[in-house]
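Residue indices begin at 1 and follow the sequence shown.
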Amino acid sequence: MVRVALLFPGQGSQRVGMGASFAAASPRAAALFESASRLLGRDLLALCTHGPEDDLRVTMNTQPALFVCSCAARSMLREQWDGTPFAAAGHSVGEYAALVAAGVFDFETGLRLVDRRARLMQEAAEARPGTMAAVLGLDDGGVQAACDEGRRAGVVVVANLNCPGQVVISGEVPAVEAASEAARARGAKRVVPLAVSGGFHSPLMAAAGDALYPELREARARQPQFPVVANVTAEYCTHGVDVAPNLTMQISGTVRWERSIRRLLEDGVNAFVELGSGDVLAGLLRRIDRNARVVSVQDTETLAAAVAMLRDEAA
């Protein structure tokens, strides 16, 4: 029996040109971009299609753009595959697209929340400057120990547990630099500073989470039509009442991506479809389980490949 999980990428997967193929091929996908442009007051499709890249990289643009692109990809998949996913998961802001796919929020509500989230995170980054770095080739315990050492210089925490040998740390610049040096001393193969505008998924973002919580509560999340794995718990969210607390904690908490994927694998998921922009999540998945079947839907060509994989699994 085929068990399908939908995956939705987060910040860092954006690229100029994303979503253009979807909007050109599908009136429903084009309508999502048009609706988003009206709600946001700017031409989101033009930004996704033409950039410039520097504008697309700005948090208040990146997050809504990724969200709409993922929703457009999901819309196109539904046009060609009418199966019900076993579950979904989204990396950071991708969790919002996963929740929309599961019927927890409608598209407009999800977009409004993502837009507000992005603005609050940008404001928090300006109020409490920070940065992030990817630690490669060091186990989770070693990275945590490096953060413990770096904390003498300020705030630094484990932000993303992405896959074996790839952990992202986040916090104040001096503390992230100190933790990076400690990670190298403990045997990390590389430590790569990330081109981000703040210390996301760290206590530096707590004010953003606090400010977003009332709006998440007011949005009145519905019961998911299929489970969504929450970033902060790596457990299934099956009750609408849990959505607001989970998304509030997610802004300043650790994204437990590896554990989320392992949960899906343990429960028999045998086909993964990444929806939106890029193939970052497919790459992480293959490092968690090199035999996992996954297609990243980025355009009409890769959509056809995903549909073929799903039909093959169901045969």
Side-chain angles (χ1 to χ4, degrees), residues 9-14 57 59 62 89 91-95 121-122 124-209 229-235 249-263 265 278-290 292:
Q11 213 158 336
S13 293
Q14 72 276 1
R57 196 182 294 129
T59 296
T62 308
H91 194 288
S92 192
V93 70
E95 191 168 340
M121 290 176 71
Q122 194 159 307
E126 292 167 1
R128 299 188 67 187
T131 191
M132 304 176 78
V135 181
L136 308 178
L138 186 63
D139 63 34
D140 297 353
V143 177
Q144 183 59 62
C147 286
D148 293 341
E149 292 183 43
R151 204 164 290 126
R152 291 194 290 266
V155 175
V156 59
V157 297
V158 172
N160 301 340
L161 293 162
N162 282 333
C163 67
Q166 187 187 122
V167 178
V168 175
I169 61 176
S170 178
E172 295 172 319
V173 174
V176 170
E177 291 175 346
S180 298
E181 286 302 316
R184 292 187 187 97
R186 288 177 173 273
K189 293 180 180 178
R190 293 176 64 202
V191 180
V192 183
L194 301 183
V196 294
S197 59
F200 304 135
H201 298 291
S202 83
L204 303 184
M205 293 289 115
V229 186
N231 284 181
V232 293
T233 63
E235 297 291 341
M249 292 185 290
Q250 185 226 62
I251 292 180
S252 58
T254 302
V255 175
R256 303 182 186 280
W257 189 252
E258 180 183 350
R259 182 59 225 155
S260 297
I261 293 298
R262 291 196 186 280
R263 178 64 189 267
L265 290 167
D279 57 2
V280 170
L281 299 185
L284 297 180
L285 174 60
R286 291 189 181 103
R287 292 191 62 180
I288 296 167
D289 181 352
R290 64 183 180 180

Novice: Within the structure provided, determine whether P193 and T131 are in side-chain contact (heavy-atom separation under 4.5 Å).
Specialist: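 With C-beta onward as the side chain, the pair stays apart.
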
Novice: Okay, side chain of E172, backbone of V155: is any donor-acceptor separation there less than 3.5 Å?
Specialist: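 Yes; at least one donor-acceptor contact below 3.5 Å.
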
Novice: Taking only residues two or more places apart in sequence, or in another chain, which ones meet R128 in a salt bridge (charged side-chain N to carboxylate O under 4.0 Å, His left out)?
Specialist: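 Applying salt bridge (charged side-chain N to carboxylate O under 4.0 Å, His left out) to R128 gives none.
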
Novice: For the side chain of S170 and the backbone of F200, is there at least one donor-acceptor N/O pair under 3.5 Å apart?
Specialist: yes

Novice: Are the side chains of S252 and L204 in touch, meaning some heavy atoms are under 4.5 Å apart?
Specialist: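 A side-chain contact under 4.5 Å is absent here.
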
Novice: Rounded to the nearest 0.5 Å, what separation is found between the CG atom of L284 and the CG atom of D279?
Specialist: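 One gets 9.5 Å once the value is rounded to the nearest 0.5 Å.
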
Novice: For the CG atom of N162 and the CD1 atom of I261, what is their distance to the nearest 0.5 Å?
Specialist: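 Atom-to-atom, N162:CG and I261:CD1 are 10.5 Å apart.
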
Novice: Run the side-chain contact (heavy atoms from CB on, under 4.5 Å) test on V167 and N160 for me, step by step, so that the C-alpha distance in whole Å, both residues' side-chain angles and the decisive distance to 0.1 Å come before the verdict.
Specialist: CA-CA 6 Å; V167 178; N160 301 340; over 6 Å; no

Novice: Do you know which of Q166, K189, R186, R190 makes side-chain contact (heavy atoms from CB on, under 4.5 Å) with L138?
Specialist: R186

Novice: For a quick test of reading the model, state the closest non-hydrogen atom pair linking M249 to V232 and the distance between them.
Specialist: C-CG1, 3.7 Å

Novice: So, using salt bridge (charged side-chain N to carboxylate O under 4.0 Å, His left out) as the criterion, who are the partners of E258 when residues are at least two apart?
Specialist: R262

Novice: In the structure I gave you, are the side-chain heavy atoms of M132 and V176 within less than 4.5 Å of one another anywhere?
Specialist: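 M132 vs V176: side chains apart.
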
Novice: Ignoring hydrogens and geometry beyond distance, is a side-chain donor-acceptor pair present between T59 and Q11 at under 3.5 Å?
Specialist: yes

Novice: Could you tell me whether the side chain of T62 and the main chain of R57 form a donor-acceptor pair under 3.5 Å?
Specialist: yes

Novice: Would you indicate whether the side-chain heavy atoms of V158 and C147 approach each other to under 4.5 Å?
Specialist: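 In contact.
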
Novice: Would you please name every residue forming a salt bridge (charged side-chain N to carboxylate O under 4.0 Å, His left out) with D140, sequence neighbours left out?
Specialist: none

Novice: Just verifying a value: how many Å separate I169 CD1 and L194 CG, rounded to the nearest 0.5 Å?
Specialist: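 Those atoms lie 9.0 Å apart.
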
Novice: Can you name the closest pair of heavy atoms from A208 and A124 and give their distance?
Specialist: CB-CB, 4.2 Å

Novice: Apply salt bridge (charged side-chain N to carboxylate O under 4.0 Å, His left out) to the pair E235 and R259, showing each step before the final yes or no.
Specialist: CA-CA 9 Å; E235 297 291 341; R259 182 59 225 155; 5.6 Å; no

Novice: With a 4.5 Å limit on heavy-atom distance, are the side chains of T254 and L161 in contact?
Specialist: yes

Novice: Checking E149 side chain against A178 main chain: does a donor-acceptor pair fall under 3.5 Å?
Specialist: no

Novice: How far does SG of C163 sit from CG of L281, to the nearest 0.5 angstrom?
Specialist: 10.5 Å

Novice: Closer than 3.5 angstrom, by distance alone: can the side chain of S13 be matched with the main-chain N or O of P9 as a donor-acceptor pair?
Specialist: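 No; judged by distance alone, with no hydrogens or angles, the pair does not exist.
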
Novice: Might you point out which heavy atoms bring V229 and A89 nearest each other, and give the distance in Å?
Specialist: CB-CB, 4.1 Å

Novice: Do we see a donor-acceptor contact under 3.5 Å between the side chains of N231 and H201?
Specialist: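 No donor-acceptor contact under 3.5 Å links the two side chains.
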
Novice: Are any side-chain N or O atoms of E181 and backbone N or O atoms of A179, one a donor and one an acceptor, separated by less than 3.5 Å?
Specialist: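 Looks like no, no N/O pair under 3.5 Å.
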
Novice: From E95 CD over to Q250 CD, what is the distance, rounded to the nearest 0.5 angstrom?
Specialist: 5.0 Å

Novice: Where do G209 and I251 come nearest, in terms of heavy atoms and distance?
Specialist: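 So the two residues come closest at CA-CD1, 3.8 Å.
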
